[in-house]
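Reviewing the structure listed below.
Remember, it's 1-based here, ligands and their atoms both numbered in the order they're listed.
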Amino acid sequence: MPKPVSSPHLVPFDGSFKLRKAPTRPREDPGKEECRARLAAATERLYDLQRRLYADDRYSVLAVFQAMDAAGKDSTIRHVLTGVNPAGCQVYGFKRPSPEEYDHDFLWRTAKRLPERGRIGVFNRSYYESVLVVRVHPEFLDGEKLPKRLVTKRIWDERLESIREHERHLARNGTVVVKFWLNVSQAEQLNRFRDRLGDPAKNWKFSAGDLAERALWPKYMEAYEAALNGTSREWAPWYAIPADDKPYMRMVVAEVLADTLEGLGVDYPPLTAEQKAELEEARRDLGVTLEAADPDGAPADEEREAKDKKEKKKDKKDKKRGDKAKHKDKKRKGDKDKHKDKKRKGEETAGEETAGEEQPAGEERSAGEGDEAAAPPG
Ligand code: ATP
Ligand code: MG
């Protein structure tokens with residue numbers, strides 16, 4: 001099992017975490033510029049590490065995000081996963097359970113969404129809601145349709161035990177569990193609610209229920225403290241991330257995630273003798289010579305990095321080219337429509353003889369083709 005990443009925000013494993021002492025702002029603020037630069041560096045690393053994780057195909061990574069409303073779960077997930085191949089990661093948001101989900105135990109719906117080997121899975125809220133929002137609103141237990149005799153005072157400790165065991169089971173089977181609690185202050189939450197209410201583009205993010213939950217802040221904090229103390233363990237550590245400063249929060253999450261993946265030591269799998277022979281044959285057939293390589297046939301590290309960079313550059317170029325082509329297509333279509341309009345107008349004035357006559361396809365195509373000057377820059 002990989003060791004948790006060392007961090008000032010790591011929640012201890014002995015139940016001694018004091019939530020009221022956990023900072024909501026960085027103790028030492030490196031400043032926006034540095035946070036942005038380090039976030040970019042960490043996402044670059046994640047890009048490379050995720051490819052190795054995928055090629056290795058043995059571990060999976062589960063990143064759990066929990067927080068009060070408006071702490072920035074969505075935007076953090078977006079920033080941290082920027083640049084990671086979408087095919088190699090999956091994000092699920094868990095809302096109030098559906099009737100079908102209520103017909104099962106509380107781990108069922110999330111178990112179905114666990115990441116496959118080689119992938120990074122992100123839970124935006126998770127099974128932890130069953131010891132957070134449900135603990136704050138015990139009436140929600142009625143909806144869960146549990147046999148009455150199982151609903152006792154011990155239910156929260158029992159649930160925490162189930163979670164601990166579940167996560168240990170995952171860890172033993174190759175899922176690396178890493179959990180982030182985005183610790184926003186009550187004052188900053190209010191600022192963000194005001195922002196959501198005042199900005200039409202953010203109105204949709206606000207729901208009246210958010211204020212009701214905010215009023216239950218102390219109860220939520222109690223529930224969070226119990227959950228973090230009960231389940232931060234070596235095999236599934238929690239990190240309590242100061243969330244009042246968004247650039248800092250995003251940087252720390254990205255770095256912890258990248259360091260966690262790095263700790264796995266995953267790499268591209270070495271080729272078997274048979275695969276090497278096959279490749280050799282294919283090279284001969286296609287007249288390709290192998291670039292300088294290490295004795296196992298895998299490219300040396302620096303070379304691989306250079307290659308990856310080249311590929312990334314190429315991807316960017318391809319994208320640019322694609323955008324340009326799309327633009328041209330649009331333009332061509334616009335020209336075509338204009339042409340049709342003109343033609344139609346012409347037909348309207350010229351009478352019925354010419355109606356229905358089709359423009360030769362070749363002519364239409366030539367309208368925008370090779371017309372570089374018509375394409376916008378970039
Ligand atoms: P945002 O931060 O953008 O508001 P969100 O994650 O809060 O996103 P919402 O649709 O606003 O998304 O809220 C989902 C709601 O579902 C939360 O209030 C959460 O507590 C609730 N929920 C999630 N799981 C459960 C559960 N097991 N039982 C009851 N409520 C749950
Ligand atoms: Mg919400």
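Using a 4.0 Å cut-off between heavy atoms, Asp210 makes no contact with ligand 1 at all. At a heavy-atom distance under 4.0 Å, only side-chain atoms of Arg125, from C-beta outward, approach ligand 1. In Phe140, the part holding a heavy atom less than 4.0 Å from any atom of ligand 1 is the side chain. Counting heavy atoms closer than 4.0 Å to ligand 1, residue Leu132 contributes nothing at all.
The residue from His137, Lys202, Lys95 that puts a heavy atom closest to atom 23 (C) of ligand 1 is Lys95. Scanning Arg109, Lys205, Arg96 for the heavy atom closest to atom 24 (N) of ligand 1 points to Arg109.
Nearest to atom 4 (O) of ligand 1 among the protein's heavy atoms is Asp69 OD1, 3.4 Å. Protein heavy atom closest to atom 19 (C) of ligand 1, with residue, atom name and distance, is Glu129 OE1, 3.5 Å. Nearest protein heavy-atom contact of atom 8 (O) of ligand 1 is Lys73 NZ, 4.1 Å. For atom 30 (N) of ligand 1, the closest non-hydrogen atom on the protein side is Val133 CG1, 3.5 Å.
Taking the ring axis of Trp181 as reference, the NZ or CZ atom of Lys179 does not stay both within 45° of it and closer than 6.0 Å to the ring centre.
Of the residues Val252, Asp245, Asp244, Ile241, the one that meets the side chain to side chain contact (heavy atoms under 4.5 Å, CB included) test with Pro26 is Asp245. When each of Glu167, Arg109, Arg159, His166 is checked for a side chain to side chain donor-acceptor pair (under 3.5 Å) with Tyr127, only Glu167 meets the rule.
When each atom of ligand 1 is checked for a heavy atom of Asp74 under 4.0 Å away, the hits are 3 (O). When each atom of ligand 1 is checked for a heavy atom of Phe94 under 4.0 Å away, the hits are 23 (C). The distance from ligand 1 to the heavy atoms of Val134 drops below 4.0 Å at these ligand atoms: 28 (N).
Cluster annotation: Leu19 is connected to Val64 through the hydrophobic network of ILVMFWY side chains, with a link wherever side-chain heavy atoms come within less than 4.5 Å.
Within the structure, the closest approach of Pro97 to ligand 1 falls below 4.0 Å when heavy atoms are considered.
Ion pair Asp259/Arg45 flagged as a salt bridge, since at least one NZ, NE, NH1 or NH2 atom sits closer than 4.0 Å to an Asp/Glu carboxylate oxygen.
The Mg ion (ligand 2) has Asp69 among its coordinating residues (N/O/S atom, backbone or side chain, under 2.8 Å).
Within 6.0 Å of CD in Glu33 there are 12 or fewer heavy atoms belonging to other residues, nucleotides or ligands.
For the pair Phe65 and Val253, the minimum side-chain heavy-atom distance is below 4.5 Å. Looking only at side-chain heavy atoms (C-beta outward), Trp108 and Glu100 come within less than 4.5 Å of each other.
Using modelled atom types and a 3.5 Å distance limit, the side chains of Gln275 and Thr272 yield a donor-acceptor pair.
Trp238 has its ring centre less than 6.0 Å from the ring centre of Tyr128.
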